[in-house]
There are 2 protein chains.
Amino acid sequence: MESKRTQASRTAATRAALVAAARPLFAERGFAAVGTDEIARAAGVTRGALYHQFAGKTDLFAAVFETVEAEIAARLAAALGDGGSGDPVATLHDGIDGWLAACADPEVHRIVLIEAPAALGWERWREIGRRYGVGLVEAVVQGLLDAGRLPPQPVLPLAHVLVGALEEAALFAARADDRAQATADVRAALVRLVDGLVVP
Amino acid sequence: MESKRTQASRTAATRAALVAAARPLFAERGFAAVGTDEIARAAGVTRGALYHQFAGKTDLFAAVFETVEAEIAARLAAALGDGGSGDPVATLHDGIDGWLAACADPEVHRIVLIEAPAALGWERWREIGRRYGVGLVEAVVQGLLDAGRLPPQPVLPLAHVLVGALEEAALFAARADDRAQATADVRAALVRLVDGLVVP
DNA sequence: TGCTTTCCATACAGTCCGTCCGTAAGTTAC
DNA sequence: GTAACTTACGGACGGACTGTATGGAAAGCA
């Protein structure tokens with residue numbers, strides 16, 4: 001079968017090809033430094049296809065960003081799902097490890113943490129991020145509050161503060177000379193941070 | 001006097017005019033969206049002067065970024081200098097307040113936290129930031145370690161984690177609908193965070 | 001004052017984004 | 001099956017922007 005390609009499959013194929021081609025380019029050289037012609041050629045199509053499938057270069061980047069975010073969220077959800085039955089604080093520690101491991105990949109932290117805020121603007125960046133990574137942190141914090149492991153307080157401010165700590169920790173670890181050592185160090189700092197928050 | 005302008009003063013005047021003109025433009029529309037011609041016209045010169053004084057658009061942005069960072073650092077150093085004789089934890093609380101107040105200005109947080117990482121790259125961003133805001137946090141953490149108010153640990157990882165928390169807190173507060181409420185909320189979250197770290 | 005260096009304005013070349021139009025591939029109606 | 005229509009795509013054009021090269025004015029120095 002599949003001798004006759006349907007429109008939907010054509011569209012899906014070209015969009016996927018463009019996203020897959022743009023991802024390493026954006027990650028390597030940044031949003032502004034890579035042109036649409038290079039992306040289209042790498043995807044085996046022309047700029048005409050790109051501008052038919054996406055509203056523009058920024059929209060294509062948003063699609064790449066969403067793909068990366070979805071991968072991280074799925075990875076973290078899987079890791080957190082395993083420890084869901086145990087101590088919520090232990091779950092949080094697992095989440096820290098999973099996050100740092102995911103951001104070790106330059107394709108992740110360069111796109112998610114460096115390029116996306118400027119390319120999409122902070123509001124749109126956070127709006128998308130809230131459906132993925134930020135949303136996970138919110139859920140974990142809410143779980144801790146429900147379990148009485150945190151003093152009563154609004155969820156969102158604490159979640160944002162923790163997200164900021166996690167993001168900068170990931171960049172510090174990923175860009176360090178000795179990444180293994182740096183990862184262990186920031187992990188310890190993050191664990192001390194969250195352990196100081198929770199009540200027995 | 002001043003009928004006869006010296007070369008040094010000419011250079012200083014044009015550089016200052018360009019930096020002053022570029023600052024609100026970059027803050028309002030972002031690094032990529034504002035052209036060099038618009039900056040030059042706003043400064044009352046031409047692009048020729050811009051490219052004579054700066055290596056390029058990125059270099060001009062770096063100068064703007066350094067100016068903003070220097071202002072924040074001076075402001076925080078003044079606030080922290082007053083409380084230097086008191087409790088180091090109280091000093092840290094004052095630092096949080098000063099930081100949140102400084103980042104309430106869009107010219108600050110848009111340039112420092114959104115545009116700079118992508119425009120300059122993370123390494124250069126942090127290299128400059130370390131001479132200003134990040135360096136202050138490092139000093140405060142080192143002071144807490146010396147005073148025995150923190151369990152022994154490397155300074156840099158904890159400083160970066162705290163900087164990340166502070167940065168995201170500032171963005172959250174600055175972009176919220178109810179900024180006063182959001183500022184109070186993230187301030188409380190940050191205070192709980194650092195209070196959980198220190199030992200009596 | 002005459003010469004050199006610094007500072008700056010103008011003109012030019014190269015690149016890149018977004019849009020427009022024509023064509024091909026796929027879908028629906030009869 | 002084929003005709004009418006919609007969707008996907010390639011190629012080319014126009015506009016904007018960055019960085020550079022060239023010529024002249026202002027300042028430093030003898």
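So that the names make sense, note that chain A is the first sequence line, chain B the second, and so on, each numbered from 1.
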**Complete:** On DNA chain C, more 5' by nearest nucleotide between Gly48(A) and Gly35(A) is Gly35(A)
**Asked** Start at the 5' end of DNA chain C and walk down; is the nucleotide closest to Ala8(B) or to Arg47(B) reached first?
**Response**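 Looking at the nearest nucleotide for each, Ala8(B) comes out on the 5' side.
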Rounding to an integer number of Å, can you tell me how far [X] [atom1] sits from [N] [atom2]?
X	N	atom1	atom2	result
Leu60(A)	dG18(C)	CG	C1'	14 Å
Arg41(A)	dT15(C)	CZ	C1'	13 Å
Asp59(B)	dT18(D)	CG	C1'	14 Å
Ile39(A)	dG18(C)	CD1	P	11 Å
Arg10(A)	dA8(D)	CZ	P	7 Å
Asp37(B)	dG19(D)	CG	P	13 Å
Lys57(A)	dT19(C)	NZ	P	15 Å
Tyr51(B)	dC12(C)	OH	C1'	14 Å

Any side-chain N or O of [X] below 4.0 angstrom from OP1/OP2 of [N]?
X	N	answer
Thr36(A)	dC17(C)	yes
Gln53(B)	dC7(C)	no
Thr11(B)	dC7(C)	yes
Thr14(B)	dC8(C)	yes
Gln7(B)	dA26(D)	no

**Message:** Which heavy atom of Phe54(A) sits nearest to which heavy atom of Ala63(A), and what is that distance?
**Reply:**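 Nearest heavy atoms, Phe54(A) then Ala63(A): CE2-CB, 3.7 Å.
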**Message:** Please give me the minimum heavy-atom distance between Pro117(B) and Ile114(A), naming the atom from each residue.
**Reply:** O-CG2, 3.7 Å
**Message:** Defining pairs by Watson-Crick or G-U wobble geometry with both distances under 3.5 Å, how would you list the stems of DNA chain D with at least three pairs each?
**Reply:**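 Stem list for DNA chain D: C:1-30 with D:1-30.
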**Prompt:** Which of parallel (below 30°), tilted (30 to 60°) and perpendicular (above 60°) describes Phe65(A) and Phe61(A)?
**Reply:**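 Parallel: the ring planes of Phe65(A) and Phe61(A) meet at under 30°.
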**Request:** Fit a plane to each ring of Phe26(A) and Phe31(A), take the angle between them on a 0 to 90° scale, and name the class: parallel (under 30°), tilted (30 to 60°) or perpendicular (over 60°).
**Result:**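 Tilted.
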**Pairwise salt bridge (Lys or Arg N to Asp or Glu O under 4.0 Å) hits with a residue in residues 134-160 of chain A, at least two apart** = Asp87(A)-Arg149(A), Arg130(A)-Glu138(A)
**Asked** Between dG26(C), dA27(D), dT19(C), which one does the side chain of Thr6(B) approach most closely?
**Response**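 It is dA27(D).
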**Item:** Listed nucleotide nearest any side-chain atom of His52(A), set dC17(C), dA8(D), dC8(C)
**Value:**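 Among the listed nucleotides, the one closest to the side chain of His52(A) is dA8(D).
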**Prompt:** Between Arg23(B) and Glu28(B), is there a salt bridge with N-O shorter than 4.0 Å?
**Reply:**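 Salt bridge between Glu28(B) and Arg23(B), a charged N being under 4.0 Å from a carboxylate O: no.
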**Fill in**
Here the gap from Leu197(B) atom CG to Leu162(B) atom CG, rounded to the nearest 0.5 Å, amounts to 6.5 Å
